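This is a predicted model, so every value here is computed, not measured. Each ligand, and each atom within it, is numbered from 1 in the order the structure gives.
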Amino acid sequence: MALIVQKYGGTSVGNPERIKNVARRVARAHAEGHKLVVVVSAMSGETNRLVALAKEVQANPDPRELDVVISTGEQVTIGLLSMALQAEGIKARSYTGPQVRILTDSSFTKARILKIDEDRMRKDLDEGCVVVVAGFQGVDDAGNITTLGRGGSDTTGVALAAALRADECQIYTDVDGVYTTDPRIVPEARKLDRITFEEMLEMASLGSKVLQIRSVEFAGKYKVKLRVLSSFQDGGEGTLITFEEDTKMEQPIISGIAFNRDEAKLTIQGVPDRPGIAYQILGPVAEANIDVDMIIQNVGQDGSTDFSFTVPRGEMDRAMSILEGVKTHTGAREVHGDRTMAKVSVVGVGMRSHVGVASRMFRTLAEEGINIQMISTSEIKISVAIDEKYLELAVRVLHKAFELDQTAA
Ligand code: ASP
Ligand code: MG
């Protein structure tokens, strides 16, 4: 008998029939004798609908009130799933994030979980009850409703698994696991049986939308056994996120190709080349809570230099106006932005022990005439920023060049 946290995403609870399906799946695990905590997202499309609704009323919705609105989607699904479980003859009880008491900080729309009360859940579990918890939401110290950022139900699932020291956290979604890349772009993409935690962290942060990055960070920190599975298919093993590299098997050098369309590049030209300049530029950007990703500073000439960095596309306008301010008080020459950037990354722990990955990547892109505008690397990934219009081509040729379409030996 195990304690299992299952999380079901929006498409898995997209209509009443699917909710009943989820209930049957939960019922099966319950019948096997497992203790179950089930986390659900809002029905698919619902959170988008609520965000749009808010924007119709207030162009730039007040973050506190936006959280009040967008957290409601999950409240609907927990109630419906509990009803469906009861219809299966199972005792079930639903809780919102604040009811469990998932305590978060007060950064509305992207709050971080600080602490989870497990007493109520434990008590229900001991009574043989299935506990159904709303994903994506929590409450701050002052009692305000908060949300955890888009895709945040994954993080709720993993955080609950950590708090309860669950045996496994199963993330049920509309794909049957983590793929070498997005199969919508590369039909030959293959499902991975396992991926290391570090690779998954890179894949998630680099744009693979299977798991919210925070959930992977959480899993790493608390060593939660995490598995991604399909809610539409029976019997698959999904993809297991492991903490050890499999030493028995010959590792592929590259495990996957991640990409992200939502990038924008900002450049400030002719800034004085002196100590502290990077801080003067990026300090205010960080203070505005804008995520900076790739950064390039050119070699200085005649005492001045150019500085470029990428931010999420949605933050470009804010970042631009901050740079305009920086320009004024540093005496920089010019500021400009490019909204049509994309990032493509090859990821794999095998890179640690193999040379030539970067050159193979650059050669492959060169052969297609794709210009690389920025490069960044870590121990296990190489990312390039390119013009968005070449994104799909780049992903396809790289997938092939690294032989990801071929089944592992
Ligand atoms: N419903 C939220 C969203 O659409 C949270 C989630 O699905 O994980 O982002
Ligand atoms: Mg999701």
**OP:** Using distance alone, with no hydrogens and no angle criterion, decide if S71 and T147 have a side-chain donor and acceptor under 3.5 Å apart.
**Re:** no
Original post:
Does even one non-hydrogen atom of G9 get within less than 4.0 Å of ligand 1?
Top reply: no
**OP:** Verify the distance criterion only: is there a donor paired with an acceptor across the side chains of Q212 and S215 at less than 3.5 Å?
**Re:** no
**OP:** Would you mind listing which atoms of ligand 1 come within a distance below 4.0 Å of any non-hydrogen atom of T47?
**Re:** 1 (N), 2 (C), 3 (C), 4 (O)
Original post:
Quick check: are there more than 12 heavy atoms from other residues, nucleotides or ligands sitting under 6.0 Å from CG of D126?
Top reply: yes
Original post:
Which atoms of ligand 1 have any heavy atom of R150 under 4.0 Å away?
Top reply: 3 (C), 4 (O), 9 (O)
Original post:
Quick one: does E74 get a heavy atom under 4.0 Å from ligand 1?
Top reply: yes
**OP:** Could you list the atoms of ligand 1 found under 4.0 angstrom from a heavy atom of G151?
**Re:** 3 (C), 5 (C), 6 (C), 8 (O), 9 (O)
**OP:** State, without any angle test, whether R150 and N48 hold a side-chain donor-acceptor pair at a distance under 3.5 Å.
**Re:** yes
**OP:** May I ask you to decide whether R93 forms a salt bridge with D124, counting only side-chain N to carboxylate O separations under 4.0 Å?
**Re:** yes
